[in-house]
Enquirer: 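Dropping the structure in here first, questions after.
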Amino acid sequence: MSLSDDLYRETILDHYHHPRNQGVIEHPTVKVEGVNPLCGDEVTLYINVNNKTIDDVKIHGKGCSINTASGSIMSDLIKGKSVEEASKTIELFKSMMLTKGVEVEIPEELEDLECLQGVKKYPVRIKCALLPWNTLAEGLKTAETKAGQFVHFETNGDHELGRVVVNGG
Amino acid sequence: MFDTKKVREDFPILSRKVNGQTLVYLDNAATSQKPIQVIDAISQYYKEYNANIHRGLHTLSEEATIAYEDVREKIAKFIGARETNSVIFTRNTTEAINLVAHSWGRHNILPGDQIVLSAMEHHSNLVPWQMLAKDRQANLAFIELTADGQLDMESAKKVIGSPRTKLVCINHMSNALGTINPVAEIAKLARSQGATVLIDAAQSVPHLPTSVQEIDCDFLAFSFHKMLGPTGVGVLWGKPELLEAMPPFLGGGDMISAVWRDRATYNELPWKFEAGTPNIADVIASGVAIDYLQNLGMENVRAHEIELTEYALKKFTTLNDVVIYGPPNAKDRGGVISFNFAQVHPHDLGQILNESGIAIRAGHHCCQPLMRDLNVSGTARASFYIYNTKEEVDLLMAALEEANKVMGHVAFR
Ligand SMILES: Cc1ncc(COP(=O)(O)O)c(C=O)c1O
């Protein structure tokens, strides 16, 4: 198996070619736009939160296969989950991507995340996989504090580089 | 014309393997590889005459000083400059441009003045001017591009023609599009407005015969790491009368003449702009890079790249679903091919090609505003130099086919 077969596993390619939950929500609880200015990847998430549950999520993005697949898998996993569960999943995913060397144990219900472990072998691509998740974390935080309906933020994967909040409270 | 096979023998890195395949290095617009002669010159300096320059009275210092200053003379000849003291060593193109922005710009740009750039400038020839404009309450204006990525000369006339135009800063060859710009014509337009002209020659001096007299510019900047030399050496060439009138950029040793507790007088050109111990070893090795290019002949370097680029452009047209940016004719461009292929994201392409040992660049090429204008997040870019071959272009084509398979598209006819 060549390196690219390894990176571009079937699950990743499936989500890349048929990304889930694509589109927009007209009046979302929060709309978050995450940008990685260094590579130009962009993800916009529309999230509806009701009674601390993520009722609906739509995603719209422009990025590489890893970025698109990661966002698609994420949207599938968090839709219908409580904000708390989603936050835990974000933490799990980030620790999976950022823990060097060891493979992180993934519970069965989140096994779709497994295919993204391969990205760890390509350090420059980790930020591509992380962008949708950092964007989600930002969105959930904003939804919780009702700080705004629209957030734009820029990140290089590890660090926030800038942010704009519109309709801030 | 030179023998590419022979040239390749001078580049040890070209025989290394990447992912089990012989390296195909097509990222020359980012930095070139170095011939053994350049690599040896660095170690020879450290082994045989390492010393600080301009100060010691001992043999080593004299030898090092002569070797260092000889390179200045070679550079002056190489770029058609009349005076050797108009060649200033910097770290790179970026530092050379910043030197002008600080030293010339902060004393000559007034509130309301206009600085003219083009829509295809490298961040190096954009951000320093943004900073200067903000500092001096000046304005930036941009020459727009035609659909095939050339300067729109109507737009150039209009923008440069403003009575507030004080400075025009243009790249000679675009690292993102490959376009070779009519810099002499632009300089003429600028001159008729009494404006000063800076040419970002980071891509042209390595690949085209370049003469500051023919262009008739005021400043010209380039980097040796893109022309067979080591990293850490750049050049600012400037018209002596402008350089004379400019205040120093950095203060410290070497740039002074006499120093008191409370003041100093400054050294003459070019040392006024070279504060502190310079990059002696790499400057000396840069002289060897010039020798190497002159041996081949810059006309021949250019002819070789036109031939390769023509060949590659033809091969690219056999692909389905490929977009090539920049002028269609190889004679209007350098050996740079920026493209997008089969909707495969450039980062995916770059990574898959790497598995075949092929190094290309993928991304915004330090030209984010241009990428925004083109409405792409980035492009893939193959760029050639003296050691590249048609066989390597064929390998690139085969690897693109492979990438297309991996990503599950069928774009080949
Ligand atoms: C057109 C152009 N200008 C400026 C630069 C900056 O050169 P350096 O990084 O050596 O300062 C580059 C190099 O990427 C370039 O291609």
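Proteins come first, then strands; the chains are lettered A, B, ... in the order of their sequence lines, and each starts at number 1.
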Enquirer: With a 4.5 angstrom heavy-atom cut-off, which part of A:N67 approaches chain B: side chain, backbone, both or neither?
Expert: neither
Enquirer: Measure the CD1-CE distance between A:I12 and B:M407 for me, rounded to the nearest 0.5 Å.
Expert: 9.5 Å
Enquirer: Taking atom CZ as the centre, does A:R20 end up with more than 12 heavy-atom neighbours from other residues, nucleotides or ligands that are less than 6.0 angstrom away?
Expert: yes
Enquirer: I need the minimum non-hydrogen distance between A:G40 and B:S377, along with the two atoms involved.
Expert: O-CB, 3.8 Å
Enquirer: For chain A, which residues from residues 357-368 of chain B have at least one heavy atom closer than 4.5 Å to it?
Expert: B:H364, B:Q368
Enquirer: For atom CD of A:E109, is the number of surrounding heavy atoms from other residues, nucleotides or ligands below 6.0 Å larger than 12?
Expert: yes
Enquirer: In terms of heavy-atom contacts, does CD of A:E84 have more than 12 from other residues, nucleotides or ligands at under 6.0 Å?
Expert: no
Enquirer: Does any non-hydrogen side-chain atom of A:T68 lie less than 4.5 Å from one of B:H345?
Expert: no
Enquirer: For residues A:R125 and B:H347, report the shortest heavy-atom separation together with the two atoms involved.
Expert: NH1-O, 3.6 Å
Enquirer: What parts of residues 55-64 of chain A touch chain B if we use heavy atoms and a cut-off under 4.5 Å?
Expert: A:K62, A:G63, A:C64
